[in-house]
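Contents: one structure, followed by commentary.
Letters go in sequence order (proteins before strands), and every chain restarts at 1. None of these values were measured; they are calculated from a predicted model.
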Amino acid sequence: MGGRTRYWCWKEEIVVEFAFTDEQKQYKKEIIEFARKELNASESMETFHADMFQKVAEFGLLGFTIGEKYGGLGEDYTTAAIAFEAFGYGCRNNGFVFAVNNHIWVSQNIIYLYGSEYLKEHYIRDMVRGEKIGAICITEAEAGSDALNMSAKAVLDGDYYVLNGSKMFISNGPIADIFIVFAVTKDQPEKRFTAFVVEKDFEGVAIGSDIEKMGLGACPTSEVVFNNCKVPKRNVLGKLDNGYRIMTAAIEWERYYEFVPHIGAMKRIMEQCIEHVKTRVAFGKTLSNYQAMTHKIAQMEINIEMAEMMMYKISWLKDKKRSAYLETSIFKVFVSESYMKACQDAIQIFGGYGYTKEYELEKELRDAVACSIYSGTNEVQRNTIYNIAEMSTLMNI
Amino acid sequence: MKAIICVKTVKSSLLCRDHRYEDDVIINPYDLCALNDLVEHKGLDGTDLHITCLCMGAESAKPVLTKCIAMGCNEAVLLSDQEFSGADTVATTYVIAKAIEKLGSYDFIVCGAQAVDGETGQVVYGLAERLNLRCISNIVKIKRLGNQSIEVETQDEGYKKLLEVNTAVLLAYKNFELSYDHLNLFKLKQARKKGITVLDKSSLEIDGSRCGIQGSKTKVVGTLEPDIQKDSTVITGTIEKKAYVLNNLLLYRKLQAD
């Protein structure tokens, strides 16, 4: 891959350099090496291990885009995309990758980008060091896809907001120390939300037990209940009643960086399939002689390449501090469906062996199925994409 | 205290590992063992340890040297010149010894006992001879760095020894390691900012006829797979026939043994 490409985006010419810098190449190598060496123990595949998280912190991955002032590496978002794709490639523990990304992109990153100096000083260093784990609380039992229908409420009482409500399916819930919680702070004339930074040890916080899921076992998930939880006023994240803006931003980051590692996972699965078809013999020939097998692998490669193209465009937009709402929506749908397809095709290529636990392909599929649900279901994403496409047509852009 | 660690880069394909290396060249595992141990002593023992990493090799060695800096070496020097290529241990020790003389004063030198590619184990002793240093081999670890002495642990034929040696000494590590201790992205980023000094033949001011192939007493003309011949019988036929014959052969051998 190399060279420069010009293409049009929203009537603006963009020039994109696709060649990796030496630094980016080195990051990629080191992260793959680290992940393979430290994070792939088979006994850790279905449970979260705090010592693994600490190793990731000491390695420097948690603070990848955080400024050096707060103990991070201060790298740009394009380099981060390359790094986290490598992370997904090297680490076979998809649940653990999910837990790490939850902590970084929808908790730590949100405080870093939208928090006050007080919040950044108070939380970011500990989060970069892995001493405090973050999570985000949006979904409720009766407000999933229609998150704006949430009922958690926060009412001002002196120097505190008193928070009441419960949030459901909170990734990292059982292990988190810091929650970004969205609650209604205004009902009239229209519903308005505010984002709060809530510590696990605040009075009134109760965390449920780990919910047993189909996959992503190493990322614990639970209900989190707030019962007259007192949150100091200075823990408001962003502006009061402006939580919707924080929420859409957080979801945009989630739809990007939660899915970047899946491209790495697809590469890993594809390589496994190629190795298999070159050695497995049927009817006197290796499977690589049968197009029914090789075309599936070719489609994996096509999907990986297209996903990477989108990845680089989105990271370019993020480095330019521009919104990528449409792009991340498309990216999420495409990567999630490609990933699930890759897992299903891999099982088919491996045949009976693919159906066994030994080859871990069934685990990959169980982990992948969640992709079409979290960060906003693919059905909702298609609604969003259609709405934006319709609007742009009407505006003649 | 000033230490020099001599490292070599080797092809990653030489090591049998469960997973692929992403780098084509890596540090010789015996040198890595020495490096991991040496950097532990930075900041310990009350001494200020300055470490220079020295390597004779091609440009491809630079990422390895960057990692050595990330591990804790204060500087890295690459001896690189077309005329150094093809060197045997005689020519190699000549160039490295000259480079060490050029670097100036030092208290001790550290290296792995051998490299996984050549496995001659001669460079350590050749270097000590050229620099007129005592060589302590079978080093397991450095226990303590004093002002003008070093306490080391050695192991030889099952016996562990603790030795205290005066400085101006060469220490050869007997063991190997496959991974860097405590390497992280922060250290790598800082290391990349530091440059690597490259010295060629002219900057070392050395005799070209004693370098590379010209200066070598031996020349490697090729490598061959070992030719192992055994008496064997090939059983042919259908699967059923082969299984029948093999079963009978094994029964026959069992009867003979009984």
Side-chain angles (χ1 to χ4, degrees), chain A residues 20-42 54-76 79-80 82-87 89-92 104 125 128-130 264 267-268 271-272 274-275, chain B residues 9-29 32-33 35-36 39-40 58-73 76 78 176-196 198 236 238-239:
Chain A
F20 286 6
T21 62
D22 287 341
E23 197 168 42
Q24 288 167 340
K25 287 179 198 168
Q26 203 60 38
Y27 273 135
K28 186 178 166 181
K29 286 179 189 178
E30 294 303 326
I31 289 166
I32 291 173
E33 184 89 17
F34 165 77
R36 282 175 167 167
K37 184 184 151 215
E38 300 288 352
L39 306 177
N40 284 339
S42 51
Q54 199 50 46
K55 281 183 186 172
V56 171
E58 284 165 7
F59 184 63
L61 210 52
L62 297 187
F64 203 85
T65 55
I66 302 294
E68 290 178 10
K69 177 184 170 188
Y70 297 102
L73 282 166
E75 296 292 353
D76 57 84
T79 306
I82 293 165
F84 282 86
E85 186 190 341
F87 185 43
Y89 175 79
C91 180
R92 295 189 340 261
I104 296 173
R125 280 190 193 84
V128 166
R129 283 195 293 257
K267 278 188 182 173
R268 184 179 69 237
E271 285 175 4
Q272 216 176 332
I274 291 172
E275 217 172 294
Chain B
T9 56
V10 297
K11 286 186 185 167
S12 59
S13 55
L14 285 170
L15 294 172
C16 297
R17 298 249 300 201
D18 288 340
H19 57 263
R20 283 173 300 154
Y21 272 97
E22 294 296 319
D23 284 317
D24 291 332
V25 293
I26 52 168
I27 188 171
N28 171 37
L32 181 56
C33 179
L35 177 66
N36 279 336
V39 297
E40 288 280 331
E59 285 281 316
S60 56
K62 280 186 175 176
V64 172
L65 294 178
T66 300
K67 277 193 188 177
C68 292
I69 296 173
M71 284 292 291
C73 293
L78 176 65
F176 65 84
E177 287 180 16
L178 297 176
S179 58
Y180 295 84
D181 290 343
H182 312 302
L183 192 63
N184 62 42
L185 297 177
F186 299 109
K187 292 178 183 175
L188 281 165
K189 182 166 180 168
Q190 291 305 315
R192 272 192 289 270
K193 290 176 185 173
K194 283 191 183 179
I196 293 170
V198 181
T236 57
T238 62
I239 292 175

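- Using a 4.5 Å cut-off between heavy atoms, A/Ala86 does not touch chain B at all.
- The choice from A/Glu23, A/Glu58, A/Gln26 that makes the most heavy-atom pairs within less than 4.5 Å of chain B is A/Glu23.
- Relative to the six-membered ring of A/Tyr27, B/Arg192 meets both conditions, a distance below 6.0 Å and an angle of at most 45° to the axis.
- For A/Glu30, the part sitting under 4.5 Å from any heavy atom of chain B is the side chain, from C-beta outward, and nothing else.
- Remark: A/Lys29 NZ to B/Leu188 CG distance equals 12.0 Å, nearest 0.5 Å.
- If you tally non-hydrogen atom pairs under 4.5 Å between each of B/Leu183, B/Asn184, B/Leu185 and chain A, the highest count goes to B/Leu185.
- Proximity to chain B is limited to the side chain of A/Phe64, based on heavy atoms less than 4.5 angstrom apart.
- Looking at B/Lys187, neither its backbone nor its side chain comes within 4.5 Å of chain A, counting heavy atoms on both sides.
- Heavy-atom neighbours of B/Phe176 CZ from other residues, nucleotides or ligands within 6.0 Å: at or below the threshold of 12.
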